[in-house]
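What follows is a single structure, written as structure tokens, with notes after it.
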Amino acid sequence: MIETAQAIGIDIGGSGIKGAPVNLADGTFADERLRIPTPQPATPEAVADTVKEILDHFEVADGTPIGVAFPAPVKPGKPLHYMSNLDQSWVGVDITALLCERCGRTVHVLNDADAAGLAEAAYGAAKGVEGLVVATTLGTGIGTALIHDGVLIPNSELGHIIIEGKGDAEKIAADSARTRDELGWKKWAKRLTEYYRLLELYLSPDVFVVGGGVSKKHEKFFPYIDIETPIVPAALLNTAGIVGAAHFADMQ
Ligand code: BGC
């Protein structure tokens with residue numbers, strides 16, 4: 001049963017949909033995380049049913065803030081216009097309306113990288129940082145969050161900037177590209193250098209925060225990323241999406 005001073009966060013990913021109650025005071029989980037494999041195909045109806053299953057599992061009380069992190073740009077009240085790594089049938093769907101209707105309660109939805117960035121700003125590596133934080137998540141895709149003096153500028157999609165002569169950055173430099181192309185850490189870091197240098201040029205950030213599962217192995221590849229801007233690993237690792245979604249819901 002969810003208690004007060006908690007919110008629930010749910011993180012929708014390509015292989016798993018994960019949820020947990022979050023203590024808002026410190027961004028920790030208040031109960032063990034539940035992970036359900038993402039239905040295949042990951043259609044809106046099937047994913048909405050899984051989100052409901054997670055809420056039912058935690059017996060979420062009425063009035064508890066509920067936040068959902070989703071791997072596409074999200075504007076409440078508007079249909080999704082772009083989807084990279086989940087089923088294309090999401091394009092045109094108002095995910096917030098769908099989840100509210102299916103779950104029978106108010107659900108707040110935001111981009112997954114924005115959720116992770118918010119979590120880092122509230123509880124982790126970007127807490128109290130002045131100026132521009134560019135948080136990136138390296139996973140199947142590359143997610144980005146822009147946070148200026150603690151304020152999120154939502155829906156940046158800078159994982160899709162074009163690297164000249166090579167194409168969409170996430171297809172070249174995401175962690176999935178490292179495994180797909182069987183790259184060693186040094187070779188992958190060369191691609192990341194190219195990517196982060198473009199972000200440096202366009203945004204002049206004060207710090208990069210790097211999240212995604214692979215960031216726990218940051219000692220293996222950070223030393224080879226050759227850029228001027230300080231770069232630090234995320235503090236929350238694989239909890240960031242859930243924690244950020246819960247925090248976001250509580251702020252609404
Ligand atoms: C999507 C972003 C998402 C990122 C990480 C990208 O392919 O376009 O919206 O944040 O993957 O999941």
Side-chain angles (χ1 to χ4, degrees), residues 1-39 42-72 74-80 86 90 93-124 127 137 145 147 150-152 154-155 211 234-252:
M1 179 76 140
I2 304 278
E3 290 162 18
T4 51
Q6 291 179 9
I8 188 142
I10 295 177
D11 190 4
I12 298 175
S15 56
I17 300 181
K18 297 141 280 182
V22 173
N23 294 313
L24 295 165
D26 60 4
T28 56
F29 285 177
D31 197 347
E32 203 175 316
R33 180 187 86 146
L34 174 67
R35 179 187 190 277
I36 299 176
T38 305
T43 59
E45 293 69 29
V47 168
D49 283 346
T50 309
V51 168
K52 179 163 190 312
E53 204 180 323
I54 292 177
L55 296 183
D56 290 347
H57 169 86
F58 288 112
E59 299 176 24
V60 180
D62 283 347
T64 305
I66 301 167
V68 173
F70 188 71
V74 178
K75 291 197 175 193
K78 295 208 171 141
L80 296 170
L86 278 193
W90 279 99
V93 172
D94 176 349
I95 181 175
T96 307
L98 171 73
L99 294 184
C100 289
E101 196 263 320
R102 183 69 191 94
C103 300
R105 41 174 107 216
T106 304
V107 177
H108 299 284
V109 188
L110 79 167
N111 172 262
D112 58 355
D114 283 345
L118 269 185
E120 292 298 328
Y123 309 104
K127 192 173 174 181
T137 59
I147 294 152
V151 178
L152 174 74
N155 293 318
L236 284 97
L237 300 175
N238 63 350
T239 69
I242 294 174
V243 172
H247 175 67
F248 175 72
D250 182 55
M251 291 189 319
Q252 305 307 302

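What's counted below: heavy atoms across the whole structure, side chains too, no hydrogens, waters or symmetry copies.
Here the side chains of Thr50 and Thr38 are not in contact, with every heavy-atom distance at 4.5 Å or above. When side chains are defined from C-beta on, Leu118 counts as touching Leu110, because their heavy atoms get closer than 4.5 Å. Leu86 places a side-chain heavy atom less than 4.5 Å from the side chain of Pro71. Taking the side chain as every heavy atom from C-beta outward, Asp112 and Thr137 never approach each other to under 4.5 Å.
Of all non-hydrogen atoms in Glu120 and Ala234, the two that sit nearest each other are OE2-CB, 3.3 Å. Closest approach of Ala119 to Ala240, counting heavy atoms only: CB-O, 3.4 Å. Here the closest non-hydrogen pair linking Lys127 and Ala122 is CD-O, 3.5 Å. In plain terms, the two heavy atoms of Val93 and Pro44 that are nearest each other are CG2-CG, 3.9 Å. Pairing each heavy atom of Ala113 with each of Ala145, the nearest pair is O-CB, 3.4 Å.
We find the OG1-CG distance between Thr106 and Leu99 to be 11.5 Å, quoted to the nearest 0.5 Å. In this structure, CD1 on Ile54 lies 6.0 Å from CD1 on Ile17, to the nearest 0.5 angstrom. To the nearest 0.5 Å, atoms NZ (Lys18) and CG (Asn238) are separated by 7.5 Å. The CD atom of Glu101 lies 11.0 Å from the CG atom of Asp94; values are rounded to the nearest 0.5 Å. Interatomic distance, Phe58 CZ to Arg33 CZ, rounded to the nearest 0.5 Å: 10.0 Å.
Not one N or O on the side chain of Tyr123 forms a donor-acceptor pair closer than 3.5 Å with the backbone of Ala25. Between the side chain of Arg105 and the backbone N or O of Val60, at least one donor-acceptor pair lies under 3.5 Å.
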Handout entry: Working for side chain to side chain contact (heavy atoms under 4.5 Å, CB included), residues Ile36 and Glu53
Key = CA-CA 9 Å; Ile36 299 176; Glu53 204 180 323; 3.5 Å; yes

Do any side-chain atoms of residues 242-252 form donor-acceptor pairs under 3.5 angstrom with protein atoms, and if so which ones, sequence neighbours left out?
unit_1 : atom_1 : unit_2 : atom_2 : d
Gln252 : NE2    : Phe248 : O      : 2.9

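By the side-chain contact (heavy atoms from CB on, under 4.5 Å) test, Ala46 is found to be paired with Pro39, Thr43, residues two or more places apart in sequence or in another chain being considered. Residues satisfying the salt bridge (charged side-chain N to carboxylate O under 4.0 Å, His left out) test with Lys52, not counting sequence neighbours, are Asp56. With sequence neighbours excluded, the residues forming a side-chain contact (heavy atoms from CB on, under 4.5 Å) with Val74 are Phe70, Leu80, Ile95, Thr96, Val109, listed by chain and number. For Thr28, the side chain to side chain donor-acceptor pair (under 3.5 Å) partners two or more places apart in sequence, or in a different chain, are Asn23, Asp26. Listed by chain and residue number, nothing satisfies the side chain to side chain donor-acceptor pair (under 3.5 Å) test with Asn155 (two or more places apart in sequence, or in another chain).
Of the listed residues (Asp31, Thr64, Leu34), just one forms a side-chain contact (heavy atoms from CB on, under 4.5 Å) with Pro21, and that residue is Asp31.
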